[in-house]
Structure formats: structure tokens, C-alpha cells
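Below is one structure; the comments refer to it alone.
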Amino acid sequence: MPRANRHFLPDQVWHITHRCHKQEFLFKFSKDRTNWIKWLYETRQRYGLCVLNYIVTSNHIHLLVKDTGQNIIPQSLQLIAGRTAQQYNQRKKRKGAYWEDRYHATAIESDEHLFKCLVYIDLNMVRAGAVKHPRDWVHSGYHDIQSPPERYSIIDIDALRELGGFSTHEALQQAHLEWINAELRIDQNKRQAYWSEAVAVGSKDYIDKFQNE
């Protein structure tokens, strides 16, 4: 895997992946996945992190965010990773690293690639064989998009809607379901490494411009 990218150019959408130390299943219990989500919510409240999607699996996380400047993404990731590790180690009376030393950030072009990445995140646990449909995995942003909570919402629905050019949340929801159902009809067992290992994903012009910057 290439060295993890941590340079956040302004106004980009980023797909963040972060794995537990030695790929251990440190998120195997629901309470730990819920705790990570709690700290993700805290970053939105504290820093204004613009979250477009997320999922917490048994040994890693995916996070789709839009950069809004002011060093918000690194600050947010530091808070989430630090507090999650601290609370887990205290509860388990454990010492040592909780995370791999670096998270990876892949820039995603804000066109159809953005929504392909959104669905790729939704289908993570389907590919793993843990569930048949994203709705069956509680610890993900799928539910925030399809059934936004009255309180403690994490996904920035307005930002996601505007990036997709949708006039209403209902239109976004319908398109989201159609994308997922289309992907479920084909083989989703194969991991597409470029979403979490490339420096950038998009058109050739986008990637060339991104690399030059």
C-alpha cells in the first residue's frame, strides 16, 4: 500500500480509511462502534466537520468528508482516534497501540465518483458477508441518509444534496436506494482497492490537476 496521504487540499471531498492495529478486531463489540460514532458526532458539533458518509466495521472505519478549511479534518480525526483508543484501553485495562499509525486519505472528484464511493462505503459489510443489505448494519451513515434522526444527526444532508445536484432530500434518498440496489444486483464480493489506497479517484483531468497541486 502507498504511504498514507494526509495532505488535505482545500474544497476537496476525502475518503478516509483507518485500520485497527495489526488489523485486530477491536471494534467487534457494538459498544465500541457506537463509541466511535459518538466521537464523530462530537467533531461535527465542536469543529463543524462536514460528514457525507461513514461506516464502522469490526476492524476499521470508512469516513467520507468534505474539506471546509481551517484544519478541521486532521483535528477531527485526532480527536476521534484518540478518545476511542483511550476509552477502549481503559475499559479493557489494555496498553499499546489501538490504530495503525496512519490513516489514509483519498481525494474523490465531486461527480459520479463521489456517489460511487458513497455506495462503496455503504456496501462494506455486504462485501464482508456480514449482512445482505446496508440497512442491516446499524453503525453506518446509510440510516442517517434514509431515515435522518430528529436529534444527533451526523450526515450533512444539505451538503450531500448540493454536491449531487438534488433539489430535495427525497430525491437524494430515492437515488441513493437505486444506486445501492443496482450494485446489489451485481457481484459485490470484490474489494476495489483504489477507493482506499489511491491518492485521488476521478477523471484523468481531475487526477492530473490534483497531482500537480
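This is a predicted model, so every value here is computed, not measured.
Ile61 and Phe29 fall into different hydrophobic clusters, where Ile, Leu, Val, Met, Phe, Trp and Tyr side chains are chained together by heavy-atom contacts under 4.5 Å. No chain of hydrophobic side-chain contacts below 4.5 Å, direct or via other Ile, Leu, Val, Met, Phe, Trp or Tyr residues, connects Phe25 to Tyr98. Val138 and Ile121 fall into different hydrophobic clusters, where Ile, Leu, Val, Met, Phe, Trp and Tyr are joined by side-chain heavy atoms under 4.5 Å apart, directly or via other members.
Side-chain N or O atoms of Asp144 include one that pairs as donor or acceptor with a backbone N or O of Ile154 at under 3.5 Å. Panel note: side chain His104, backbone Ala198; a donor-acceptor pair is recorded below 3.5 Å. Looking at Arg19, its side chain never comes within 3.5 Å of a backbone N or O of Glu100 through a donor-acceptor pair. Using a distance-only test at 3.5 Å, with no hydrogens or angles considered, a donor-acceptor pair links the side chain of Gln173 to the main chain of Gln146.
Rounding to the nearest 0.5 Å gives a distance of 10.5 Å between OH of Tyr103 and CD1 of Ile80. Rounding to the nearest 0.5 angstrom, the gap separating the CG atom in Leu49 from the CG atom in Asp156 is 9.5 Å. The CZ atom of Phe115 sits 9.0 Å away from atom CG of Leu64, with the distance rounded to the nearest 0.5 Å. The distance from the CD1 atom of Ile180 to the CG atom of Leu118 is 7.5 Å, given to the nearest 0.5 Å. Within the model, atoms CG of Leu114 and CD1 of Ile108 stand 8.0 Å from one another, a figure rounded to the nearest 0.5 Å. With rounding to the nearest 0.5 Å, the separation of CG in Leu77 from OG1 in Thr43 is 8.0 Å.
Under the side chain to side chain donor-acceptor pair (under 3.5 Å) test applied with Glu42, the options Gln45, Lys38, Arg46 reduce to a single match, Arg46.
Annotation: His18 is not in aromatic contact with His60 [ring centroid separation under 6.0 Å not met]. Aromatic rings from Trp137 and Tyr142 are positioned such that their centres are separated by 6.0 Å or more. For Trp99 and Phe27, the ring centers are positioned less than 6.0 Å apart.
Taking a 6.0 Å sphere around CD of Gln75, one finds it holds more than 12 heavy atoms contributed by other residues, nucleotides or ligands. With a 6.0 Å radius and a threshold of 12 heavy atoms from other residues, nucleotides or ligands, Gln70 has its CD atom at or below the threshold.
Looking at Asn35 and Gln87, their side chains do bring a donor and an acceptor atom within 3.5 Å of each other. Side-chain atoms of His15 and Thr17 form no donor-acceptor pair, as typed in the model, at a separation below 3.5 Å. Between Gln174 and Glu170, the side chains place no donor N or O within less than 3.5 Å of an acceptor N or O (distance only, hydrogens not considered). In this structure, a donor-acceptor pair under 3.5 Å is present between the side chains of Ser203 and Glu109. A side-chain donor from one of Ser30 and His139 sits under 3.5 Å from a side-chain acceptor of the other. Side-chain contact, Asn53 with His62: no donor N or O sits under 3.5 Å from an acceptor N or O.
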Between His133 and Leu184, is a side chain to side chain contact (heavy atoms under 4.5 Å, CB included) present by the stated rule, with each step listed? CA-CA 8 Å; His133 193 281; Leu184 287 172; 3.5 Å; yes
Which is it for Gln211 and Tyr206 under the side chain to side chain donor-acceptor pair (under 3.5 Å) test, yes or no, and what are the steps along the way? CA-CA 9 Å; Gln211 289 177 335; Tyr206 173 80; over 6 Å; no
Test log, rule side chain to side chain contact (heavy atoms under 4.5 Å, CB included), inputs Lys92 and Asn89: CA-CA 5 Å; Lys92 295 287 188 177; Asn89 284 347; 5.8 Å; no
Under the side chain to side chain contact (heavy atoms under 4.5 Å, CB included) criterion, do Trp14 and Asp67 qualify, and how do the steps go? CA-CA 7 Å; Trp14 297 92; Asp67 180 61; 3.9 Å; yes
Mind running side chain to side chain contact (heavy atoms under 4.5 Å, CB included) on Ser140 and Val56 for me, showing each step along the way? CA-CA 6 Å; Ser140 72; Val56 192; over 6 Å; no
Would you sort out whether Ser196 and Arg191 count as a side chain to side chain donor-acceptor pair (under 3.5 Å), showing the intermediate values? CA-CA 10 Å; Ser196 54; Arg191 175 176 175 262; 3.1 Å; yes
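Residues Pro134 and Leu123 approach most closely at CG-CD2, 3.7 Å, considering heavy atoms.
Between Glu112 and Lys116, none of the side-chain N atoms (NZ, or NE/NH1/NH2) sits under 4.0 Å from a carboxylate O, so this pair counts as no salt bridge. A salt bridge does not link Lys66 to Glu162: none of the charged nitrogens lies less than 4.0 Å from a carboxylate oxygen. We find that Lys204 and Asp208 are joined by a salt bridge, their nearest charged nitrogen and carboxylate oxygen being less than 4.0 Å apart.
Using a 4.5 Å cut-off on side-chain heavy atoms (C-beta onward), Asn59 and Leu26 make no contact.
With a 6.0 Å cutoff to the six-membered ring centre and a 45° limit on the axis angle, Arg127 counts as a cation-pi contact of Tyr120.
For Trp195, the side-chain hydrogen bond (donor to acceptor under 3.5 Å, both in side chains) test picks out Gln192, with sequence neighbours left out. Listed by chain and residue number, Tyr41 satisfy the ring-ring contact (aromatic ring centres under 6.0 Å, His included) test with Tyr152 (two or more places apart in sequence, or in another chain).
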